[in-house]
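Here the structure is laid out as structure tokens; the discussion comes afterwards.
Please read all numbers here as calculations on a predicted model, not as lab measurements. Index from 1, following the sequence.
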Amino acid sequence: MSSLWWDQARGKEPASSPLRGAVRADVCIVGGGYTGLWTALQLRERAPDLDIVLLEARECGSGASGRNGGFMLSWAAKFETLLKVCGKDEALRLLAESERIASDVADYLQRHEVDAHLRQDGWLWTASNTAQIGSWAPCVELLARHGQEPFVELPVEDVQRMSGSARHLAGVYARTSATVHPGRYVRGLRRIALAKGVRIFEHSPMRALRARAGPTVLTEHGELRAAKVVLAMNAWSTHFRELNNGVVVVGSDLVATPSCPEMLEKIGLTSGAAISDSRLFTNYYRNTVDGAMVFGRGGGDFAFNGRIGDLYEGASRFAREVSEILYRFYPELARVGTVRSWSGPIDRSLDGLPCFGHLGGHPDIVYGYGYSGNGVGPTYLGGKFLASMVLESDDAWRRSPLARGVRGRFPPEPFRYIGSRMVKAALVRKEAAEDRGRAPARLDTMLAGLAPGGLVPVGTKKEP
């Protein structure tokens, strides 16, 4: 794996030793990304005496946590789905919790002296063609009917000034959102966990899980028996048959320019705002503290039957296409070009919200996955869900409908893969027509309408 974030954050700190021999613990967490680390840290705060072991297949942050765009968003744009799944009271509670993520995480990192380049400069949700204008209106109106106003509609002049691009024709702004350096963030959480006594074994991929009383995780060179096991594997959760059809695994592809702060300042991109448009497979981008531009696009390669393998390793197959989109938004950046590209897997659930549950109904094995492209912030809440489930706490996290397992399933293979590719092709044709100011073909519109909520990133008319 190689991403801009990973190379900048990895530094010279050595990897933890692999698990060897037979080890016992109170809690075993499988997965060293945001979800696993936040679960360990939440458990440590709530039950200081627990012996917690975390296993990571490679190194903490080498999965999706080190490859994303660094958007730390709330669940405001998913409020309609929260209402449908959770009901009014729980939806409002989760919305309020999610609106505090960036400020809570910023405070936590500051207390532990971790500089993750977190900038709470908001999120700009825009329209990059006329068909997208007003995509956010149903969401904004629904929130307003429930007394919530997380978004502010901006004049087009302010949208273009904040985004630095005349391609944006309208938009709304969410104040509480932030951007973060994904690599520095995940590696910072790792350092905190180690300092708090969490035992971390890296280069220790799980080979098998014996789901019996006192479940046991087997690795290549060892085994770990624990009272509780937490599966925090996100897209890699598809190794389990029960979880496989609960998500579609699809790539997101990113490119980065060299550091060019003077050019970004001339364009007007001087804040740490997260910016994305309202297409189904969204364009999303932000600047970095050192003056580079990172630009991403959703809807890359689909993993057949959730088999990730090396599909998202190395440079992005779509680097040229993503770079061309970047230059359409910012023609000036074509002069500096891009110097890096990479991709990562996204585990998209049917409704676009994560699922937390017990694997096979086993009371001692819990899982959390399905963040659907919005995990940088909500994994902080995922740690609270999973910690409550491990501790069997009688609280709102454990009672939440989001903690009742997989809520819907995609068709089995090969229909899931074939259908996903057909819908994606229709979406690409539909949005290309809209970009040209033309009406899309009726068949493409119909097929695009089959995209489930989990395949629709933040900011669409189908699922706000």
Side-chain angles (χ1 to χ4, degrees), residues 69-71 73 76-77 121-140 151-174 177 179 252-257 264 267-269 271-287 293-300 318-334 338 373-374 424-441 444-445 448-449 451 455-464:
F71 283 27
L73 309 182
D121 291 338
W123 167 43
L124 192 61
W125 175 5
T126 79
S128 60
N129 61 40
T130 56
Q132 296 173 18
I133 294 175
S135 295
W136 45 82
C139 176
V140 172
F151 296 105
V152 175
E153 189 147 9
L154 299 179
V156 64
E157 296 83 5
D158 289 349
V159 173
Q160 294 179 349
R161 175 183 55 78
M162 287 185 64
S163 66
S165 175
R167 294 280 301 189
H168 297 288
L169 307 179
V172 291
Y173 175 69
S177 299
T179 53
S252 190
D253 297 88
L254 302 95
V255 298
T257 71
L264 294 187
I267 292 171
L269 284 170
S271 78
I275 307 167
S276 60
D277 64 10
S278 300
R279 64 190 64 238
L280 296 174
F281 289 116
T282 187
N283 296 316
Y284 59 94
Y285 54 94
R286 41 76 64 90
N287 68 6
M293 168 70 83
V294 173
F295 193 101
R297 183 194 68 173
F318 301 98
R320 181 175 179 179
E321 295 96 316
V322 177
S323 296
E324 289 173 351
I325 299 170
L326 164 64
Y327 303 148
R328 288 204 292 270
F329 279 84
Y330 300 100
E332 305 92 332
L333 294 179
T338 59
N374 180 22
K424 175 188 171 180
L427 289 174
V428 170
R429 293 191 298 267
K430 173 181 178 291
E431 291 172 345
E434 292 171 345
D435 284 340
R436 294 191 296 268
R438 300 176 182 174
D444 289 338
T445 300
L455 283 177
V456 183
V458 169
T460 73
K461 292 180 180 178
K462 178 178 173 65
E463 174 54 73

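Ser163 is linked by a side chain to side chain contact (heavy atoms under 4.5 Å, CB included) to Leu124, Ser165, His168, Ile275, Tyr285, Tyr330, counting only residues two or more places apart in sequence or in another chain. Checked against ring-ring contact (aromatic ring centres under 6.0 Å, His included), Phe318 has no partners two or more places apart in sequence or in another chain.
Side-chain N or O atoms of Arg286 include none that pairs as donor or acceptor with a backbone N or O of Phe71 at under 3.5 Å. Side-chain atoms of Asp121 do not come within 3.5 Å of backbone N or O of Ser271 as any donor-acceptor pair. At distances below 3.5 Å, at least one donor-acceptor pair connects side-chain atoms of Asn129 with backbone N or O atoms of Gln132.
Salt-bridge annotation for Asp435 and Arg279: present, with a side-chain N of the basic residue lying under 4.0 Å from a carboxylate O of the acidic one.
At a threshold of 4.5 Å between non-hydrogen side-chain atoms, the residues Ser276 and Trp123 count as touching. Between Thr257 and Leu264 the shortest side-chain heavy-atom distance does not fall below 4.5 Å. Side chains of Leu254 and Val322 form no contact here, defined as non-hydrogen atoms less than 4.5 Å apart. At least one side-chain heavy atom of Glu434 sits less than 4.5 Å from a side-chain heavy atom of Pro440. A 4.5 Å side-chain heavy-atom check between Leu333 and Met293 finds at least one atom pair inside the cut-off. Between Asn283 and Phe295, some side-chain heavy-atom pair lies under the 4.5 Å cut-off.
Rounding to the nearest 0.5 angstrom, the gap separating the OG1 atom in Thr126 from the OH atom in Tyr284 is 15.0 Å. Note: Arg320 CZ to Asp253 CG = 15.5 Å, rounded to the nearest 0.5 Å. For the atom pair OG1 (Thr282) and CD (Glu431), the distance works out to 9.0 Å, reported to the nearest 0.5 Å. Once rounded to the nearest 0.5 Å, the distance linking CD of Glu332 with OH of Tyr327 reads 12.5 Å. Taking CZ of Arg429 as the reference point, atom OG1 of Thr445 lies at 10.5 Å (rounded to 0.5 Å). To the nearest 0.5 Å, atoms OG1 (Thr179) and CG (Asn287) are separated by 7.0 Å.
Minimum heavy-atom separation, Gly134 to Pro138: O-CD, 3.7 Å. Here the closest heavy-atom approach between residue Gly164 and residue Leu269 is recorded as N-CD2, 4.4 Å. Minimum interatomic distance between Cys139 and Ala76 (heavy atoms only, all atoms of both residues): SG-O, 3.4 Å. Ala426 approaches Ala448 most closely through the heavy-atom pair CB-N, 4.2 Å. The minimum heavy-atom distance linking Gly298 with Ser252 is given by the pair CA-OG, 4.0 Å.
Counting non-hydrogen atoms of other residues, nucleotides and ligands closer than 6.0 Å to CZ of Arg438 gives a total of 12 or fewer.
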Exercise for the section: Starting from the C-alpha separation in whole Å, work towards a yes-or-no answer on side-chain contact (heavy atoms from CB on, under 4.5 Å) for Asp277 and Arg167. Expected result: CA-CA 10 Å; Asp277 64 10; Arg167 294 280 301 189; over 6 Å; no
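Checked against the 6.0 Å centroid criterion, the rings of Trp125 and Phe151 qualify as a close aromatic pair.
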